[in-house]
Amino acid sequence: MSRYTAAEIEPKWQQAWESAGTFTATRDDAKPKYYVLEMFPYPSGNLHIGHVRNYTMGDVIARYKLATGHALLHPMGWDAFGMPAENAAMTTGVHPKDYTYGNIAQMKAQFAPLGLSFDWSREFATCDPEYYGQQQALFLDFLRAGLIYRKKAVVNWDPVDMTVLANEQVIDGKGWRSGADVERRELGQWFFKISDYSDELLTALDGLDNWPAKVKLMQSNWIGRSRGLQFAFSLVDEPEGHDRIEVYTTRPDTMMGASFVAISPDHPLARQLEDHDPAVATFNAECRKGGTTEEALEKAEKRGFDTGLRVIHPFDTAWELPVFIANFVLMDYGTGAIFGCPAHDQRDFDFAIRYGLPIIPTFLPTADADPVLAEAYVPPKTETVAYVKGFAGEKMQTGNAAIDAAIAFCEANGVGAGVTRYRLRDWGLSRQRYWGCPIPVIHCPDCGVVPEAKENLPVELPYDVTFDVPGNPLDRHPTWRDCTCPACGGKAQRETDTMDTFVDSSWYFARFTAPRATTPTVMDDAAYWMNVDQYIGGVEHAILHLLYSRFFARAMHVTGHLPEMAIEPFNALFTQGMVTHEIYLTRDASDRPVYHLPQDVQDGKLADGTAVTVIPSAKMSKSKKNVVDPDAIIAQYGADTARWFVLSDSPPERDVEWTAAGAEATSKHLARVHRIASDIAAMDDGTGPGDADLTRAMHKTVHEVTLGIESFGFNAAIAKLYAFTSTLAKSDAGGAGRKLAARTLAQLMSPMTPHLAEEVWAMLGGSGLIATAPWPVANPALLTEDTITLPIQINGKRRSEIAVPVDMPKDAIEKLALADEAVIKALNGAAPKKLIVVPGRIVNVVI
RNA sequence: GCCGGUGUGGCGGAAUGGUAGACGCAGGGGAUUCAAAAUCCCCCGUUGGUAACAACGUGUGGGUUCGAGUCCCUCCACCGGCACCA
């Protein structure tokens with residue numbers, strides 16, 4: 001009897017698929033097409049167990065769709081631009097290009113033994129000039145179509161290294177290398193006009209039936225449509241060029257409770273004041289310290305500066321309000337100015353206490369409540385329950401209706417206008433970095449900003465750069481910057497900013513439909529393969545990547561690069577959980593964190609006995625070193641074991657904490673399947689007493705596993721396969737029946753453990769490759785039992801059970817239930833208060 | 001701070017509002033063996049009880065329902081995102 005040796009069978013079948021071209025995407029009009037895509041990886045150089053889980057899931061879907069008769073597209077590529085390559089260049093001196101392509105080669109080699117059904121003939125990396133050149137072509141088309149523009153935007157500025165920092169590089173408000181206090185500084189940048197699509201991107205979410213509700217909700221909140229009032233406060237003493245302050249509020253019903261106006265330190269008025277008043281300049285400079293993230297801004301201590309300016313309340317010319325500059329007002333949102341209503345907003349309440357401002361309630365929980373508040377009273381948004389001091393002295397109720405009424409009242413009285421606003425901001429794509437797609441424009445002293453001519457694309461990154469000083473090496477490259485203006489032919493300079501790597505990943509799915517084309521896409525191929533039928537990736541991409549891709553698909557349609565049917569590029573989305581692991585940490589002499597790999601930690605200690613701090617499970621990341629290397633598991637047990645284990649261990653949408661235990665058990669199970677199959681292969685054909693039972697169990701399993709795969713219930717499907725394996729092992733069916741059952745088992749396992757499945761299939765005389773054998777179909781007649789056990793509850797607690805024919809009518813079940821011994825005893829002669837019979841489910845006797 | 005999610009035995013987890021704990025791991029017992037490995041069989045939420053059985057039990061506290069892990073509200077803990085990490 002042969003033994004299960006993964007190391008022998010796995011390369012053999014990988015070779016067989018390769019030479020048969022099993023997974024080469026081929027257009028075939030006789031079949032439905034299916035495009036399955038997993039979010040492509042950043043080539044860190046090391047495949048970790050999270051990748052294995054992610055790509056195995058996609059592989060299961062891909063193999064299942066192939067077996068159910070689809071023309072399959074299942075491509076793979078590399079999201080290859082980004083900061084890590086530049087960081088490596090700075091720390092180890094390796095060139096980002098060599099680093100990246102080296103990592104790609106290494107990771108591709110790690111992918112090979114997993115037996116994934118990728119069509120490698122379509123592979124590309126986003127750092128291939130053939131790819132980013134087409135991205136530059138898209139940029140030029142978008143620019144021409146008015147989808148890209150230039151404006152100033154804030155960045156994190158390291159005043160010591162004189163360089164722009166990513167949010168990740170700002171730690172507690174300080175630069176990660178210099179340790180200097182980071183400042184917010186404005187820079188001219190390129191922007192995609194994604195805000196033009198706010199409403200479209202929001203309403204189109206409704207059509208995404210096969211997207212997780214939580215992702216649609218997150219996107220919806222991110223876009224953040226709000227209805228509010230925009231109006232202006234008149235300034236009492238008008239500083240030069242300013243006679244009013246425009247504000248936007250979603251709570252116009254609280255206007256009568258206003259007690260101050262606050263403007264952003266970046267508001268034009270604040271900037272003007274700072275030019276004349278050193279105290280304002282000092283305050284504003286203080287406000288500009290720290291990083292640019294919304295989190296940092298929101299968590300910062302709320303501070304204000306009284307400008308001494310006063311404004312007039314629009315409904316009472318005698319009512320003057322002070323104007324503060326406040327660090328919590330953001331120039332990017334609304335108008336960069338707000339009015340504060342301390343009575344009904346906790347942040348404003350705290351601010352009012354701090355600066356001695358009045359707290360004027362316009363609503364109270366009840367008509368007789370104390371109007372002196374101890375904390376802000378936030379009235380319910382949707383219900384109309386509170387007592388309200390409304391406009392012009394009358395009382396009204398709160399809620400959305402009141403907000404609408406407030407807008408109407410203000411409009412009628414010539415105070416502002418109701419407007420719809422979106423939280424979504426335009427997408428800044430400029431990055432002051434080397435390792436990205438160069439922005440193909442030229443700055444000409446005579447013509448200004450001039451797009452590069454398409455025939456000059458790709459604008460390739462120069463190789464001869466150095467990373468010995470901070471900043472973008474393109475800025476100090478001796479010759480690359482110099483060029484001729486495409487418009488006037490005079491001397492000019494290239495833009496040295498490169499594109500945000502989110503641009504790279506916003507259209508790669510479209511590029512896979514024609515990866516070698518000399519245009520970004522080919523309409524005919526895009527029309528055939530798009531959309532992605534199933535997209536799979538981490539929930540951490542639920543907002544930005546997916547929103548940007550949805551925008552890009554629309555922009556590509558507008559510029560003639562995608563058909564209209566592809567403007568929502570992902571038909572179905574599955575967000576898989578992350579593989580997490582504990583983080584092991586020590587501190588160096590200057591108290592900086594030093595991370596350690598799990599393999600270097602034993603019982604909470606390093607090899608030299610140093611105790612490590614254990615941080616609870618977190619997303620695996622290279623920088624935190626909490627990664628698990630799948631190579632060792634594959635070497636010891638084989639790919640099928642690794643694949644089965646990552647799928648069986650927990651539901652795919654949930655995070656899973658990796659533990660080494662369990663791989664051994666999986667390996668034993670696969671060996672058991674192999675052993676059972678070889679025993680069955682040796683049997684003579686014929687019938688046996690267990691034929692009917694085995695057939696029934698087989699059809700049930702086909703049904704359940706098929707449903708499990710289609711609904712991403714991989715762990716539950718695997719549980720059914722365990723159960724069926726035991727059934728088969730114990731069956732006394734004849735050889736013919738058992739061979740069929742074993743072949744079917746192999747087919748059902750084939751998406752998860754493709755190599756073992758092929759081996760078993762061949763052993764049992766299956767024809768051709770199991771990968772392309774038609775998927776088994778369950779006979780519906782064999783899926784139901786003749787008799788079922790019905791639990792009987794008394795007052796909702798299970799007390800007994802009865803066996804009934806599956807189609808027994810309700811009244812017959814009632815009679816049978818009332819005749820049950822436990823029920824008779826509980827009733828004690830009395831009639832039940834209520835008798836609930838749910839056919840096929842349960843009986844509940846209420847006493 | 002804001003937005004979204006998750007919480008069930010020793011562990012991973014299962015469960016269209018209908019028998020909570022499927023399946024797997026770990027653990028215990030047994031068979032086989034000279035012995036072991038491998039394999040096969042049985043037990044396995046907590047407490048009480050010889051047992052039958054009973055009570056309790058799905059993060060907390062409430063609610064809706066004949067019936068709640070599942071629906072609603074409150075709170076707690078953890079995870080993800082917050083626009084320059086990818």
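Sequence lines set the chain letters: A, B, ... in the order given, protein chains first and strands last, and positions in each chain run from 1. Reckoned from all heavy atoms, side chains included, excluding hydrogens, waters and symmetry mates.
- A straight line from CD of A/Glu664 to C1' of B/G24 spans 14 Å, rounded to a whole angstrom.
- For the 3.5 Å distance criterion, the side chains of A/Thr496 and A/Asp475 qualify, holding a donor opposite an acceptor.
- Separating the P atom of B/U8 from that of B/G69 is a span of 14 Å, rounded to the nearest Å.
- Straight-line distance from the CG atom of A/Leu546 to the P atom of B/G4: 17 Å, rounded to whole Å.
- Under the Watson-Crick or G-U wobble criterion, with both distances below 3.5 Å, B/A38 is left unpaired in every strand shown.
- B/G7 and B/U16 have their C1' atoms separated by 22 Å, given to the nearest Å.
- Comparing the same atom, P, in B/C11 and in B/G27 gives a spacing of 15 Å after rounding to whole Å.
- Under the Watson-Crick or G-U wobble criterion, with both distances below 3.5 Å, B/A77 is paired with B/U6.
- Nucleotide B/C82 is matched to B/G1 when pairs are restricted to Watson-Crick or G-U wobble geometry with both distances under 3.5 angstrom.
- Taking the P atoms as reference points, B/U58 lies 11 Å from B/A68, given to the whole Å.
- Within the 4.0 Å cut-off from OP1 or OP2 of B/C23, not a single side-chain nitrogen or oxygen of A/Asn715 is found.
- For the P atoms, the distance linking B/A15 with B/G28 amounts to 30 Å, nearest Å.
- Between B/G7 and A/Arg654, a contact under 4.0 Å exists linking OP1 or OP2 to a side-chain N or O.
- Dashed line: the shortest gap from a side-chain N or O of A/Asn221 to OP1 or OP2 of B/G4 is under 4.0 Å.
- Base pairing of B/A22: no nucleotide in any strand meets the Watson-Crick or G-U wobble criterion (both distances under 3.5 Å).
- Between A/Thr501 and B/A86 there is a side-chain N or O to OP1 or OP2 distance below 4.0 Å.
- Listed for the A/Asn844 side chain is no donor-acceptor partner under 3.5 Å among the backbone atoms of A/Ile836.
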Ring pair (Phe, Tyr, Trp, His ring centres under 6.0 Å) between A/Tyr508 and A/Trp78, worked out: CA-CA 9 Å; A/Tyr508 77 108; A/Trp78 311 95; over 10 Å; no
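- For B/C53, the paired nucleotide is B/G48, the pair qualifying as Watson-Crick or G-U wobble because both relevant distances are below 3.5 Å.
- Side-chain N/O atoms of A/Lys299 include none lying less than 4.0 angstrom from OP1 or OP2 on B/G1.
- Nucleotides B/A26 and B/C43 are separated by 14 Å at their C1' atoms, to the nearest Å.
- Map A/Gln793 and A/Lys214 each onto its nearest nucleotide of RNA chain B; the residue landing nearer the 5' end is A/Lys214.
- At the phosphate of B/A37, neither OP1 nor OP2 sits under 4.0 Å from any side-chain N or O atom of A/Lys668.
- Checking B/U16 for Watson-Crick or G-U wobble geometry (two distances, each under 3.5 Å) identifies no partner in any strand.
- A gap of 32 Å separates the C1' atoms of B/C85 and B/G13, to the nearest Å.
- Within the shown strands, nothing qualifies as a pairing partner of B/U33 under the Watson-Crick or G-U definition with both distances less than 3.5 Å.
- The separation of B/G24 from B/G45, taken at their P atoms, amounts to 15 Å, rounded to a whole angstrom.
- Relative ring orientation between A/His545 and A/Tyr535 is described as tilted, the plane-to-plane angle lying within the 30° to 60° band.
- Nucleic acid contact class of A/Val164 (heavy atoms, under 4.0 Å, all strands): base.
- Within 4.0 Å (heavy atoms only), A/Val155 reaches at least one base atom of the nucleic acid.
- Tested against A/Phe192 for a ring-ring contact (aromatic ring centres under 6.0 Å, His included), the candidates A/Tyr548, A/Tyr197, A/Phe552 yield a single pass: A/Phe552.
- The shortest distance between the side-chain N/O atoms of A/Arg672 and the OP1/OP2 oxygens of B/C40 is below 4.0 Å.
- Using a 4.0 Å heavy-atom distance criterion, A/Ser648 is classed as making no nucleic acid contact.
- For the pair A/Ile794 CD1 and B/G18 P, the interatomic distance rounds to 20 Å; values are reported in whole Å.
- The A/Lys797 side chain lies nearest to B/C56 when the options are B/C56, B/G18, B/G81.
- Between the CG atom of A/Leu424 and the C1' atom of B/G81 there is a distance of 15 Å, rounded to whole Å.
- The aromatic rings of A/Tyr722 and A/His669 lie tilted to each other, with the angle between the two planes from 30° to 60°.
- For the residue pair A/Trp211 and A/Gln219, no side-chain donor N or O sits within less than 3.5 Å of a side-chain acceptor on the partner.
- Mapping A/Glu294 and A/Ala80 onto RNA chain B via the closest heavy atom, the residue that lands nearer the 5' end is A/Glu294.
- Pair assignment for B/C71: B/G63, on the basis of Watson-Crick or G-U wobble contacts that are both within less than 3.5 Å.
- In the set B/C66, B/G5, B/C23, B/C66 carries the atom at the smallest distance from any side-chain atom of A/Ile836.
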